[in-house]
Amino acid sequence: MRLITWGLLGPESIATERRTRTLNLGACVRSLNDLAVPGLGGVWFGKQVFLATLGVAVAERVRDSGKRAKNIEVANAIEALGCWLALNRNQWQGDPRVHGATKMSGKYDLAFAQVRKPSFYVTQPMRQATIQPLRAFGLVESSGERFNGFTCSPVGEEFIDEVSREYKPYRQSVVEHLVGWVRGEHDKVKSSDELTGVLSPIEPMTASGREFLRERVIGGSTGDALRRKNALDWVASLSTYTEAETVWETRPGMIDEDHWRDLHVGAMFFLVRDAAIRLLDIIEAQIGNRSEPRLSLSEPLPDIIAESCSELRLLAEKFVRKGCDPKPGLAAAEFCRECSNPSDVRIIERLLAREGKVLKQRGNDVLPGIAFRGAAVEKADAARSDEEVGEETQSGQMIPLPPGISNRVRNLYWFNFDLRGELDDKLFSSTQEGGESS
C-alpha cells in the first residue's frame, strides 16, 4: 500500500474569500503562458481533459433527451464522482491528481442530485484548467470561451470512445450510463469497477486514448501546434537529463529562436511577479505578528521588507533593461517599471493599488483587507490567478528547467509522462526518492 503525503491542494483550503493575488496581471500572465505552450491551459495529465470532454458530451445527451442540464454542473459532478471513486478505491489516501478528499470525506450518497451540489466538491475543479485546451485540441465546438456554451465535436466524441470503449458499466456505454445517472434514473455508480477504471483520475487512460490525445496536442500546421510539438519534444528530452537545470544561454535545437526568446522573457517576468507576491506575503505576516495590525509607511521599514523590496527591484530592473515585452500594451514592462522604482515605499504603494482583498492602504498605513490571514500561506493558495488554476507542482522532484519558466512548461513535462503511460511510476518513484534523501 502506498501512503503518500502531499501538499495542501489550494482550491480546497481557501476560506470564504479567495486569496488570488492576480495584481491585475491576468491577461499578461495568460499571454506569456500562451507564448510558452499555446492552448495548454492548466492541464498536466490526460484524465483532466477526458473528464471535461465527457461532461460536455453527457450534458448534451441529457438535453437532447428533453431534460435540462448545464455543462458546468454535469462536468463538475462527473469529475467529483471520479475523484470520489479514486479515493474510495485508494482508501482515501492523497494523490495530486485527485481533489476533494477533505470535502467529500464521509459522503456516501452519490445520487446526481447530491453530487451536483456545490457543497459536495471543491469550488475550483480541474475542469477550469481545461477550457482552453478543449478548444485548442478540437474536442469541442464553440463560439466563445464559456464552458456552458461548448458542444462536443466529432473529434471529442471519438476521443471519448477511444478512452472508454473497453469499459461497460452495467453493460452500457459509459456515456449512456452517466446520462441515466444525471437524469436521476439510477444511482448505480458507487460499486462499479468499470466506472472507477474509466473515471478515476488515478487510473491511466487506454493506450489508444493516450495516442489519440497526443495527436490532438501536437497535430496541425498552425504556429500554436508547432510550438506545442516542439515544447513537448524538448521536455521529453529532459526526462533523461542529468544536470540540475538548463540555462538560457544554450537553446535546445528543437526550440526556434523566437520561441526561446519568448520563454526567456516570460520567465524573467514570472520571477518579478513571484517576488512581488513574496513581498506582499512578508508584509502580511509582519502585520499579523503585531499587536496593532498595521504597517506604517512613514516609518523605517523592517529589514526583511526592505530586503524583499531590493530583491524585487533588481529582478524588475533586469526585465526593463531587456526591453522585450512581447505583447501589445506592454503590461509586463509597465508592471516591472513600477517594481523598479528607487523608493521602497513607492513600490509597496503600487503593489497595494493592485493588491485587491488581502491588504489595503489607508493614508500612510497598510491594513488588513477582507481576505487577510496574517501568516505565511501556500503559494498555490495566494499566488494563483484564474489563468493558472490547476497548475500545481506535482512532486518534490527537481525538473531541469530554467528558473521562472512558465508553469505550462512544467505541466507539459508531466503531461509527457502521462501520454507515454509512465506518469504513475514517475510520480511515486520521485516521491520515494525524495523521501529517502530527506
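Only heavy atoms go into these numbers, but all of them, side chains included; no hydrogens, no water, no symmetry mates. Residue numbers run from 1 in the order of the sequence given. Keep in mind the model is a prediction, meaning the values are calculated, not measured.
- Every residue two or more places apart in sequence or in another chain that forms a ring pair (Phe, Tyr, Trp, His ring centres under 6.0 Å) with H264 is listed here: W248.
- Residues meeting the side chain to side chain contact (heavy atoms under 4.5 Å, CB included) test with R146, sequence neighbours left out: N148.
- When the salt bridge (charged side-chain N to carboxylate O under 4.0 Å, His left out) test is applied to R183, the partners found at least two apart in sequence or on another chain are E185.
- By the side-chain hydrogen bond (donor to acceptor under 3.5 Å, both in side chains) test, T222 pairs with no residue at all, sequence neighbours left out.
- Residues in residues 148-174 take part in these salt bridge (charged side-chain N to carboxylate O under 4.0 Å, His left out) pairs, two or more places apart or across chains: R61-E157, D161-R165, E162-R165.
- Heavy-atom minimum distance, L232 versus R214: CD2-NH1, 3.3 Å.
- Every residue two or more places apart in sequence or in another chain that forms a salt bridge (charged side-chain N to carboxylate O under 4.0 Å, His left out) with E355 is listed here: R21.
- Screening residues 37-50 for salt bridge (charged side-chain N to carboxylate O under 4.0 Å, His left out) gives no qualifying pairs among residues at least two apart or on separate chains.
- Residues forming a side-chain hydrogen bond (donor to acceptor under 3.5 Å, both in side chains) with N24 (at least two apart in sequence, or on another chain): none.
- Judged as a ring pair (Phe, Tyr, Trp, His ring centres under 6.0 Å), the pairs with a partner in residues 112-147 (not counting sequence neighbours) are, in order, F112-W181, F147-F150.
- When the salt bridge (charged side-chain N to carboxylate O under 4.0 Å, His left out) test is applied to E73, the partners found at least two apart in sequence or on another chain are R116.
- Not counting sequence neighbours, K107 has no partner by the salt bridge (charged side-chain N to carboxylate O under 4.0 Å, His left out) test.
- Among residues at least two apart or in separate chains, salt bridge (charged side-chain N to carboxylate O under 4.0 Å, His left out) pairs with a member in residues 127-144 are R135-E145.
- At a threshold of 4.0 Å, the pair R228-D224 does not count as salt-bridged, since none of the basic side-chain nitrogens sits closer than that to a carboxylate oxygen.
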